[in-house]
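What follows is a single structure, written as structure tokens, with notes after it.
For this chain, numbers begin at 1 and follow the sequence in order. Counting convention: from 1, in listed order, for ligands and their atoms alike.
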Amino acid sequence: MVKDDRKFSVVIAGGGSTFTPGFILRLINQQDKFPLRQIKFYDIDAERQKKIGDACAIIIKERAPQIKFSYTTDPEEAFTDVDFVFGSIRVGKYEMRSHDEKIPLKYGVNGQETTGPGGMAYGLRSIPAIIQIIDYMEKYSPNAWMINYSNTIAIVSEACRRFRPKSKVINICDMPIDIMTRMARICGLKDYHDLDFIYYGLNHFGWWKEVRNYKTGEDLMPKLKKYVRENGYYVGGDFDKDTEASWVETFKKAKDCYALEPDTLPNTYMQYYYYPQYEVAHADPHHTRTDEILEYRQKIVFGECKRIVEAGTAKNNIWDKNAIHSEYIVDICHAIAYNTHEKFLANIPNNGAISNLPDDIIVEVPCLFGADGVQPIACGEAGRFQRGMIMEQVTCEQLVVDAYEQHSYEKMWQAFALNKTVPDALVAKKILDDMIPVNAPYWPELK
Ligand SMILES: NC(=O)c1ccc[n+]([C@@H]2O[C@H](COP(=O)([O-])OP(=O)(O)OC[C@H]3O[C@@H](n4cnc5c(N)ncnc54)[C@H](O)[C@@H]3O)[C@@H](O)[C@H]2O)c1
Ligand SMILES: O=P(O)(O)OC[C@H]1O[C@H](O[C@H]2[C@H](O)[C@@H](O)[C@@H](O)O[C@@H]2CO)[C@H](O)[C@@H](O)[C@@H]1O
Ligand SMILES: [Mn+2]
């Protein structure tokens with residue numbers, strides 16, 4: 001726990017994110033673990049950020065008045081005097097996510113936020129914005145750490161490796177945390193803190209090789225495999241009472257992913273690579289996940305912010321008891337701030353962590369988190385099946401960064417054509433040609 005009297009200053013880049021209020025609640029509820037003196041928001045959309053910021057000002061004033069709070073669109077004000085930067089931006093916002101999902105579906109290809117052509121399009125948009133935030137951080141607070149969870153993480157991580165190799169940036173994801181909390185419940189334990197594990201692969205593309213009871217060392221794989229074979233990661237009951245229908249489908253679908261490779265336990269995102277035809281057949285090209293979010297999460301978040309501002313109080317708000325996503329981030333900051341060397345997943349250059357894969361590819365593997373950043377833990381060899389899958393997917397991710405670097409149409413086309421979700425190079429070309437005009441404000445001109 002707290003080992004000295006330091007208090008930290010943090011900025012959330014993407015203050016207008018739908019995840020911000022939940023994160024704020026989690027931060028201020030964990031003051032014993034990660035004490036704060038200041039919270040700032042930074043966004044390029046002043047109006048969107050104001051709606052979230054005004055509600056968070058009330059939450060902080062009521063619950064943690066000792067923490068100074070402000071929000072701004074000015075980078076100097078935002079990034080000066082901070083210890084941690086949280087990257088939570090969505091370049092092009094939901095309007096662009098909608099294109100990422102709907103354009104591929106027009107051609108019978110998966111339309112998904114971070115996988116397939118949509119995920120690659122999103123990654124290409126994110127690269128310059130994330131680099132700019134790193135540069136702001138290094139200019140105004142050179143000792144700070146950036147914890148980035150802005151997608152597409154695999155592509156952003158490869159861009160960090162190439163363009164800012166020495167920067168203090170850690171790219172993370174909460175999907176494995178969500179799944180491990182489910183695994184813990186399945187085994188009668190409380191949450192992910194109760195599990196020890198070996199997981200390896202890429203972001204939104206990986207497998208658990210080992211899962212153990214953290215305290216006793218008991219091998220939990222037999223119990224988990226038996227459960228996942230029948231139910232996927234769906235827990236049901238009270239645990240899933242607020243889980244949206246499409247997420248329920250995803251957790252159940254893990255059953256079919258497990259069936260293909262029963263030596264390990266899959267990340268739920270493998271559904272898009274193993275069963276793209278099923279995903280397309282079950283998608284509505286005119287109403288995708290973005291529409292669900294606009295009608296549900298975004299409406300609820302902004303509605304609740306408005307209610308708080310009008311009432312002038314945050315009593316009984318909807319974020320008081322949730323947000324696994326945010327708990328993980330507090331855990332990570334605590335580990336870095338207090339040099340605890342706790343184990344979490346991060347996206348880093350392989351350098352032998354997966355022994356039969358190249359050193360210079362970005363992988364998602366367990367790392368020890370401390371004051372000096374992350375130290376990977378050796379995962380042993382990837383299975384033959386996993387190695388083949390990983391090399392194809394990671395090459396797509398590298399080609400997207402090549403396309404960014406060289407302004408190359410050909411590289412982006414190759415990235416789409418190589419991807420497991422795309423059946424044909426001509427289909428890849430049609431998707432890319434539709435994506436170029438809508439992405440013009442964000443992508444380099446591809447020649
Ligand atoms: N890694 C993970 O596990 C994980 C989990 C959940 C969400 N995410 C990611 O977190 C991010 C936020 O998601 P959301 O659904 O809350 O998005 P959102 O659209 O609600 O909010 C994103 C905010 O980013 C702002 N923004 C866009 N470009 C910016 C820039 N260049 N500088 C500063 N701000 C900018 C937007 O104006 C918007 O307010 C996304 O990248 C999403 O994919 C990651
Ligand atoms: O479709 P969305 O926007 O609901 O989700 C996309 C994100 O999905 C994962 O994050 C989940 C997380 O696993 C869950 O625990 C909870 O916190 O919600 C998150 C967002 O819904 C994934 O890890 C992210 O990278 C995706 O952006
Ligand atoms: Mn993720």
(message) Among Ile431, Thr288, Asp284, exactly one meets side chain to side chain contact (heavy atoms under 4.5 Å, CB included) together with Leu105. Which residue is that?
(response)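 Among Ile431, Thr288, Asp284, the one meeting side chain to side chain contact (heavy atoms under 4.5 Å, CB included) with Leu105 is Thr288.
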(request) Apply the side chain to side chain contact (heavy atoms under 4.5 Å, CB included) test between Trp208 and each candidate in Leu195, Thr264, Ile179; give the one that qualifies. (result)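 Of the listed options, the one satisfying the test is Ile179.
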Using distance alone, determine whether [X] and ligand 1 share an N or O pair under 3.5 Å.
| X | value |
| --- | --- |
| Cys173 | no |
| Ser17 | yes |
| Arg48 | yes |
| Thr18 | yes |
| Asp43 | yes |

(request) Mind checking the OG1-CD spacing from Thr421 to Glu279? Nearest 0.5 Å is all I need. (result)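 Going from OG1 on Thr421 over to CD on Glu279, the span is 11.0 Å.
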(request) Return the set of residues passing ring pair (Phe, Tyr, Trp, His ring centres under 6.0 Å) with Tyr107 (not counting sequence neighbours), or none when no residue passes. (result)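 By the ring pair (Phe, Tyr, Trp, His ring centres under 6.0 Å) rule, Tyr107 matches no residue at all.
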Only heavy atoms of [X], strictly under 4.0 Å: list the atoms of ligand 1 that pass.
| X | result |
| --- | --- |
| Ala129 | 31 (N) |
| Arg297 | 15 (O) |
| Tyr149 | 1 (N), 2 (C), 4 (C), 8 (N), 9 (C), 10 (O), 44 (C) |
| Asp45 | 37 (O) |
| Asn151 | 8 (N), 9 (C), 41 (O), 42 (C), 43 (O), 44 (C) |
| Ser150 | 41 (O) |

(message) Heavy atoms only, cut-off 4.0 Å: how does Phe41 contact ligand 1, side chain, backbone, both, or neither?
(response)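 Neither; nothing of Phe41 gets under 4.0 Å from ligand 1.
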(request) Say whether, by atom type as modelled, one donor and one acceptor occur between the side chain of Thr115 and the main chain of Gln112 under 3.5 angstrom. (result)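 Flag not set: sc Thr115 to bb Gln112 has no pair under 3.5 Å.
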(request) Indicate yes or no for a side-chain donor-acceptor contact from Ser141 to the backbone of Met137 under 3.5 Å, with no hydrogens or angles considered. (result)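 Here the side-chain-to-backbone pair does not exist.
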Show the atoms of ligand 2 that are less than 4.0 angstrom away from any heavy atom in [X].
| X | answer |
| --- | --- |
| His204 | 22 (C), 23 (O), 24 (C), 25 (O) |
| Phe19 | 20 (C), 21 (O) |
| Glu113 | 6 (C), 7 (C), 26 (C), 27 (O) |
| Arg289 | 1 (O), 2 (P), 4 (O) |
| Cys173 | 23 (O) |

(request) Tell me whether the guanidinium CZ or amine NZ of Lys411 lies under 6.0 angstrom from the six-membered ring centre of Tyr404 and within 45° of its axis. (result)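 Checked: cation-pi criterion not met.
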(request) May I ask you to establish whether Lys209 and Phe197 are in a cation-pi arrangement, using a distance under 6.0 Å from NZ or CZ to the six-membered ring centre and at most 45° from the ring axis? (result)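 Not flagged: Lys209 not positioned over aromatic ring of Phe197.
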Purely on distance, is any nitrogen or oxygen of [X] under 3.5 Å from one on ligand 2?
| X | result |
| --- | --- |
| Arg97 | yes |
| Thr114 | no |
| Glu244 | no |

(request) Return the orientation label for the Trp247 and Tyr269 ring planes: parallel under 30°, perpendicular over 60°, tilted otherwise. (result)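 Perpendicular.
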From the candidates [options], the one that places a heavy atom nearest [atom]:
| atom | options | result |
| --- | --- | --- |
| atom 12 (C) of ligand 1 | Gly15, Gly87, Ser88 | Ser88 |
| atom 3 (O) of ligand 1 | Asp174, Asn203, Val91, Asn148 | Asp174 |
| atom 7 (C) of ligand 2 | Tyr269, Tyr122, Tyr328 | Tyr269 |

(request) Would you please test Phe34 and Phe84 for ring pair (Phe, Tyr, Trp, His ring centres under 6.0 Å) and show each step? (result) CA-CA 11 Å; Phe34 182 54; Phe84 288 92; 5.4 Å; yes
(request) Can you check the number of protein N/O/S atoms within less than 2.8 Å of the Mn ion (ligand 3)? (result)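 For the Mn ion (ligand 3), protein nitrogen, oxygen or sulfur atoms under 2.8 Å: 2.
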Going by distance alone, is a donor N or O of one side chain under 3.5 Å from an acceptor N or O of the other, for [X] and [Y]?
| X | Y | result |
| --- | --- | --- |
| Tyr71 | Asp54 | yes |
| Asp331 | His193 | yes |
| Gln30 | Glu327 | no |
| Ser98 | Thr290 | no |
| Asp178 | Tyr192 | no |

(message) Can you confirm whether or not the ring centre of Tyr234 sits under 6.0 Å from the ring centre of Phe251?
(response)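 Judged by ring-centre distance (under 6.0 Å), Tyr234 and Phe251 do not meet the cut-off.
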(message) Within the structure provided, determine whether Leu368 and Glu342 are in side-chain contact (heavy-atom separation under 4.5 Å).
(response)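 No; the side chains remain at least 4.5 Å from each other.
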(message) Could you check whether any side-chain heavy atom of Ile308 comes within less than 4.5 Å of a side-chain heavy atom of Asn317, counting everything from C-beta outward?
(response)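 With C-beta onward as the side chain, the pair touches.
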(message) Suppose we screen for side chain to side chain contact (heavy atoms under 4.5 Å, CB included). Which residues come up paired with Glu76, at least two apart in sequence or across chains?
(response)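 Listed in chain order: Asp74, Thr80, Tyr140.
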Has [X] got any heavy atom lying under 4.0 angstrom from an atom of ligand 1?
| X | value |
| --- | --- |
| Ala13 | no |
| Ile172 | yes |
| Glu113 | yes |

Which part of [X] is near ligand 2, with near meaning a heavy atom under 4.0 Å away: side chain, backbone, both or neither?
| X | value |
| --- | --- |
| Asn151 | side chain |
| Ile293 | side chain |
| Glu292 | neither |

(message) Tell me whether ligand 2 is touched by Tyr149 - counting only heavy atoms on the residue side and a distance under 4.0 Å.
(response)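 No heavy atom of Tyr149 comes that close to ligand 2.
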I'd like a table of donor-acceptor pairs (distance under 3.5 Å, sequence neighbours excluded) in which one partner is a side-chain atom from residues 390-398, with atom names and distances.
unit_1: Glu392; atom_1: OE1; unit_2: Lys420; atom_2: N; d: 3.4
unit_1: Gln393; atom_1: OE1; unit_2: Asn419; atom_2: ND2; d: 3.0
unit_1: Gln393; atom_1: NE2; unit_2: Tyr273; atom_2: OH; d: 3.4
unit_1: Gln393; atom_1: NE2; unit_2: Glu397; atom_2: OE2; d: 2.9
unit_1: Thr395; atom_1: OG1; unit_2: Met391; atom_2: O; d: 2.5

(request) Decide, yes or no, whether a salt bridge links Lys252 with Glu249 under the criterion of side-chain N to carboxylate O below 4.0 Å. (result)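 Result for this pair is no, no salt bridge flagged.
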